[in-house]
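Computed over heavy atoms, backbone and side chain alike; hydrogens, waters and symmetry mates excluded. All values reported here derive from a predicted model rather than from experimental measurement. By convention in this document, chain letters (A, B, ...) are assigned in the order of the sequence lines, proteins followed by strands, and residues within each chain are numbered from 1.
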Amino acid sequence: MEEVEIVEILAVLDRLYPQAACALTHRNPFELLIATILSAQCTDLRVNQVTRELFAEGADPQAMADLGLERIRQLIRGCGLFNNKAANILATCQKLLALYGGRVPDTREALEALPGVGRKTANVILSNAFGQPAIAVDTHVFRVAHRLGLSGGVNPRRTEEDLMALIPRERWSHSHHLFIFHGRNLCQARRPQCGQCPLQAACKYYQGSLDLETGNHR
DNA sequence: ATCCCGAGGG
DNA sequence: CCCTCTGGAT
């Protein structure tokens, strides 16, 4: 089996998930920040809906902070983990106002110091809103990259480095979304749909699941 | 049962 | 490293 080039893999995913190209459009840093905080344990469809409703009442950090904890909690109730997220969103808005004039900072240090913002969310903002060198690795990106043999699968931090070394920089923020969609639609954790996956020829996981005796898959 | 774009705390 | 936090969808 000859090695499949990363650009070829990305091209296949591009064709498979054209929606990923739209995932980056028309979002200011603040909206992207809040939507990303909301995204944990919650479908993107719901995140988009909840974000719309939240921003209808509080479109900037000041207006959102003015809503107060209870109102924010109500508005984002459709998302999972809303109790934590509501407190984090309020505290983050207050911190943006107190320290950064209501603007989203563009350094990793400042971003990760915001309540509810960890490395993954900071990477999304950095690469997606500010065009800075970062690849956000969540559970989907981690798993898909590991299965495709693009990363050793040691830890997310290592996967960031491996992917940045492999993928042309102009595609970093976009490939993040491609892996997300793939991880959700076909390359799921427990029941990957390998039979429908167009990346079989490139996939170490698929090839590893081949029983060499029989040629069948386990 | 398992999944959904994590983070913070012990 | 482990645990918890949410509830709806499939």
Side-chain angles (χ1 to χ4, degrees), chain A residues 13 16-25 27 29 31-54 69-70 72-96 104 108-129 134-148 150-151 153-160 163 167 171-194 196-197:
Chain A
L13 293 176
L16 206 50
Y17 308 111
Q19 324 92 290
C22 313
L24 309 180
T25 58
R27 266 188 171 167
E31 186 173 347
L32 183 63
L33 175 64
I34 299 301
T36 307
I37 290 177
L38 286 173
S39 68
Q41 296 305 111
C42 182
T43 64
D44 58 345
L45 201 65
R46 180 163 313 196
V47 169
N48 289 336
Q49 177 64 29
V50 164
T51 302
R52 238 187 306 280
E53 291 170 9
L54 181 60
L69 183 57
E70 272 315 310
I72 295 175
R73 205 200 302 266
Q74 287 173 23
L75 284 167
I76 70 172
R77 188 166 280 274
C79 282
L81 316 181
F82 66 88
N83 237 345
N84 294 338
K85 289 174 182 174
N88 286 334
I89 286 172
L90 177 58
T92 279
C93 287
Q94 289 167 340
K95 193 158 185 177
L96 291 180
V104 177
R108 170 182 306 287
E109 210 178 355
L111 285 167
E112 289 190 13
L114 296 171
V117 179
R119 183 163 185 102
K120 179 257 174 178
T121 301
N123 279 341
V124 170
I125 308 305
L126 286 172
S127 68
N128 222 330
I135 291 186
V137 174
D138 54 44
T139 54
H140 289 314
V141 177
F142 183 74
R143 183 179 64 255
V144 172
H146 182 43
R147 286 179 175 171
L148 286 172
L150 305 177
S151 173
V154 182
N155 55 51
R157 196 55 187 281
R158 178 63 179 277
T159 298
E160 282 183 34
L163 290 181
I167 299 174
R171 308 216 50 188
W172 284 358
S173 69
H174 179 56
S175 56
H176 160 73
H177 292 279
L178 292 177
F179 289 131
I180 297 267
F181 278 108
H182 191 54
R184 216 184 60 195
N185 289 311
L186 292 178
C187 197
Q188 293 121 331
R190 306 296 176 114
R191 301 181 173 187
Q193 317 284 317
C194 297
Q196 304 173 46
C197 183

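As judged by a 4.0 angstrom heavy-atom cut-off over every strand, A:Ala136 is placed among residues making no nucleic acid contact. Residue-level contact check: A:Arg46 touches the backbone only, with heavy atoms under 4.0 Å from sugar-phosphate atoms and none from bases. A:Val117 comes within 4.0 angstrom of sugar-phosphate atoms only, judged by non-hydrogen atoms across all strands, and of no base. Backbone-only engagement by A:Leu114 is indicated by non-hydrogen atom pairs under 4.0 Å involving sugar-phosphate atoms exclusively. Among the heavy atoms of the strands, none lies under 4.0 Å from A:Thr36.
Here the P atom of nucleotide B:dG8 and the CZ atom of A:Arg119 are 14 Å apart, to the nearest Å. Spacing between atom CD of A:Gln188 and atom C1' of B:dA1 amounts to 14 Å, rounded to whole angstrom units. C:dG8 atom P lies 18 Å from atom CG of A:Asp44, rounded to whole Å. Residue A:Asn84 contributes atom CG, which lies 12 Å from atom P of C:dG7 at whole-angstrom precision. B:dC4 atom C1' lies 12 Å from atom CG of A:Asn185, rounded to whole Å. Taking atom CD of residue A:Glu160 and atom C1' of nucleotide B:dG6, one finds them 14 Å apart after rounding to whole Å. One atom, CG of A:Leu81, and another, C1' of C:dC5, lie 5 Å apart when rounded to the nearest Å. Look at CD on A:Gln41: it is 15 Å from P on B:dG8, rounded to the nearest Å.
An OP1 or OP2 oxygen of B:dG6 is reached within less than 4.0 angstrom by no side-chain nitrogen or oxygen of A:His140. Between A:Thr139 and B:dG6 there is a side-chain N or O to OP1 or OP2 distance below 4.0 Å.
Each of A:Glu112 and A:Asp138 has a nearest nucleotide on DNA chain B; the 5'-most of these lies closest to A:Asp138.
Comparing B:dC4 with C:dC1, their C1' atoms are spaced 24 Å from each other, to the whole Å.
No side-chain donor-acceptor contact under 3.5 Å links A:Ser173 and A:Ser127.
A:Arg158 CZ: 12 or fewer foreign heavy atoms inside a 6.0 Å radius. Around CD of A:Gln193, the count of heavy atoms belonging to other residues, nucleotides or ligands within 6.0 Å exceeds 12.
Taking all atoms of both residues into account, the shortest heavy-atom contact from A:Val104 to A:Leu96 is CA-CD2, 4.2 Å.
Of the candidates A:Val124, A:Val117, A:Leu38, A:Val117 is the only one forming a side chain to side chain contact (heavy atoms under 4.5 Å, CB included) with A:Leu33.
Out of C:dC5, B:dC4, B:dA7, the shortest distance to the side chain of A:Arg143 is found at B:dC4. Taking only side-chain atoms of A:Arg77, from C-beta outward, the nucleotide of C:dG7, B:dA7, C:dC5 with the closest atom is C:dG7.
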